[in-house]
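Because only heavy atoms are used, hydrogens play no part in the values below, and waters and symmetry mates are left out as well, while side chains stay in. Lettering follows sequence order; numbering is per chain, from 1. Here the structure is a predicted model, which is why all the values come from computation and not from measurement.
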Protein chains: 2
Amino acid sequence: MSTRSDRISADERREQILDAAIAVFGEFGYAGTSTDRVARAAGISQPYVVRLFGTKEQLFIETLRHTLERLLATFRAALPVDAEEASVEQRLGEAYLRLVEDRGVLLTLLHGFMLGSDPGIGPVARDGFLQVFRMLRDEAGLAPEQIHRFLADGMLINTLLATGIGVDAATDRDAADLMECTFGERVGEVLARASA
Amino acid sequence: MSTRSDRISADERREQILDAAIAVFGEFGYAGTSTDRVARAAGISQPYVVRLFGTKEQLFIETLRHTLERLLATFRAALPVDAEEASVEQRLGEAYLRLVEDRGVLLTLLHGFMLGSDPGIGPVARDGFLQVFRMLRDEAGLAPEQIHRFLADGMLINTLLATGIGVDAATDRDAADLMECTFGERVGEVLARASA
DNA sequence: CCATCTTGTAATCATTCGATTACTTCATCC
DNA sequence: GGATGAAGTAATCGAATGATTACAAGATGG
């Protein structure tokens with residue numbers, strides 16, 4: 001209804017825009033997203049988006065940073081404080097799966113990584129990736145080979161979710177096999193989430 | 001010089017365009033690439049590109065198919081015929097590394113995978129991925145867990161190359177550590193190629 | 001109560017892009 | 001040797017897009 005004024009502080013508005021931008025950039029990529037789409041997703045006008053962020057590139061950079069912060073925060077929240085039931089890797093893995101259920105988060109990260117050669121975006125993407133690496137090494141205490149496996153599995157998961165092969169698994173036998181040999185016994189859980 | 005006519009059969013021209021398109025789509029992505037850029041990279045005019053492929057989307061789809069065929073052909077060429085020195089996985093891995101030295105090939109594949117939700121492109125990307133899977137399973141004879149590892153490592157390699165973290169490794173200690181724990185003893189070889 | 005600042009929009013502009021049309025040039029075949 | 005078709009381009013068009021400008025409306029403080 002918006003009975004009264006829809007006015008909000010600029011800071012709150014920026015947060016709203018960033019949340020909307022994660023979804024839109026994730027779906028259409030950096031070049032494929034117009035500032036007008038983001039504006040409409042956030043429920044405001046296009047010129048205001050430009051004024052709050054200066055440039056489409058700046059908007060994407062801040063969106064990418066925002067997403068990376070969410071990723072790091074999710075991992076940190078999954079780290080054990082004292083007694084534990086599951087291994088650190090298992091906990092991190094499950095936290096990651098929950099996070100990337102949000103297709104926007106998943107795909108915004110991937111789009112960022114693929115713009116490595118862009119002079120403005122590349123450094124932000126690389127820095128974010130390195131932050132994750134340091135966190136796994138220094139805070140989670142994983143050994144090099146554990147880090148390798150964790151990151152590699154994560155990237156394969158990303159690709160399978162991004163392509164949408166999980167959806168094919170319902171009808172295509174090979175797709176089901178592929179999902180099975182990637183996710184093992186957890187395949188049912190993943191497919192249930194992917195189709196949701 | 002082009003002393004005489006630069007005329008070429010339409011089929012040959014299509015191949016030229018596809019080769020140029022791999023590089024351009026790889027660098028700028030699907031939405032970020034104009035048909036005019038592809039045309040100029042191929043040395044012809046923009047309307048001719050459109051006429052030969054009908055649509056930018058069709059051009060991308062055929063470029064993606066072309067790239068996937070190159071990937072499959074590279075893998076098949078690396079499969080052993082009879083006696084062998086290295087394991088199948090090692091051979092495939094090395095063949096893959098050589099192929100994705102071409103940034104265009106690498107990134108065109110990744111861009112394709114990330115457009116999984118696009119109704120025209122998504123099916124092509126999924127089908128290509130499944131073809132690779134079937135090849136590893138049926139022709140290379142890899143076990144499920146081997147396939148899992150192979151694909152996961154491949155995807156991590158893709159991401160590291162796409163972000164360009166390898167270039168940072170020369171100056172950033174953590175980036176060097178990350179490359180080390182991913183590529184192990186082969187790190188020197190990869191870095192040499194990445195900077196080339 | 002009015003001056004000032006903040007939040008926000010409508011209108012508009014210059015580019016860019018994908019696609020179409022009309023045309024030219026070369027080859028080929030009867 | 002002219003007709004037919006293929007190879008290729010220049011010119012152009014309409015739509016979309018990022019950005020700017022000018023302006024409206026609500027808050028805030030003295």
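Summarising the geometry, the separation between CG on A/Asp36 and P on C/dC13 is reported as 18 Å, rounded to the nearest angstrom. Put simply, CD1 on A/Ile8 is 14 Å from C1' on D/dG26, counting in whole angstrom units. In this entry the distance linking CD1 of A/Ile17 with C1' of C/dG8 reads 11 Å, nearest Å. Atom CD of B/Glu12 and atom C1' of D/dA6 are 14 Å apart (whole Å). Distance, A/Arg37 CZ to D/dA15 C1': 15 Å, rounded to whole Å. Going from atom CD of B/Glu15 over to atom C1' of D/dA7 covers 17 Å, rounded to whole Å. Across the protein-nucleic acid pair, B/Asp11 atom CG and D/dA6 atom C1' stand 12 Å apart, rounded to whole Å. Rounded to an integer number of Å, the gap from CZ of B/Arg40 to P of D/dG8 is 18 Å.
Between B/Asp177 and B/Arg173, at least one side-chain nitrogen of the basic residue sits less than 4.0 Å from a carboxylate oxygen of the acidic one, meeting the salt-bridge criterion. Under 4.0 Å is where a charged nitrogen must lie from a carboxylate oxygen, and between A/Arg149 and A/Asp153 no such pair does.
Looking at B/Leu161 and B/Glu101, their side chains never come closer than 4.5 Å, going by heavy atoms from C-beta outward. Residues B/Glu94 and B/Arg186 have side chains in contact (heavy-atom distance under 4.5 Å, counting atoms from C-beta outward).
In this structure, A/Thr35 reaches the D/dG18 phosphate: one of its side-chain N or O atoms is under 4.0 Å from OP1 or OP2.
Heavy atoms from other residues, nucleotides or ligands lying under 6.0 Å from CZ of A/Arg65 number 12 at most.
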Polar pairs (N or O, both sides) under 3.5 Å between protein and nucleotides 2-4 of chain D?
none

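Residue A/Ser45 is in base contact, counting any heavy-atom pair closer than 4.0 Å across all strands shown.
Smallest separation of non-hydrogen atoms from B/Leu92 and B/Ala78: CD2-CB, 4.3 Å.
Checked by atom type and distance alone, the side chain of B/Arg126 never pairs as donor or acceptor with a backbone atom of A/Ile165 at under 3.5 Å.
Side-chain atoms of B/Asn158 and B/Tyr96 form a donor-acceptor pair, as typed in the model, at a separation below 3.5 Å.
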Can I get a per-line list of side-chain donor-acceptor pairs under 3.5 Å for residues 10-27 of chain B, giving both atom names and the distance, sequence neighbours left out?
| unit_1 | atom_1 | unit_2 | atom_2 | d |
| --- | --- | --- | --- | --- |
| B/Arg13 | NH1 | B/Gln16 | OE1 | 2.7 |
| B/Arg13 | NH2 | B/Asp6 | O | 3.0 |
| B/Arg14 | NH1 | B/Leu52 | O | 2.7 |
| B/Arg14 | NH2 | B/Glu62 | OE1 | 2.6 |
| B/Arg14 | NH2 | B/Glu62 | OE2 | 3.2 |
| B/Glu15 | OE1 | B/His66 | NE2 | 3.4 |

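Residues from residues 46-63 of chain B placing a heavy atom under 4.0 Å of any atom in DNA chain D, listed by number, are B/Pro47, B/Tyr48, B/Arg51.
The base of D/dA7 does not come close enough to the side chain of B/Arg13 for any donor and acceptor atom to sit less than 3.5 Å apart.
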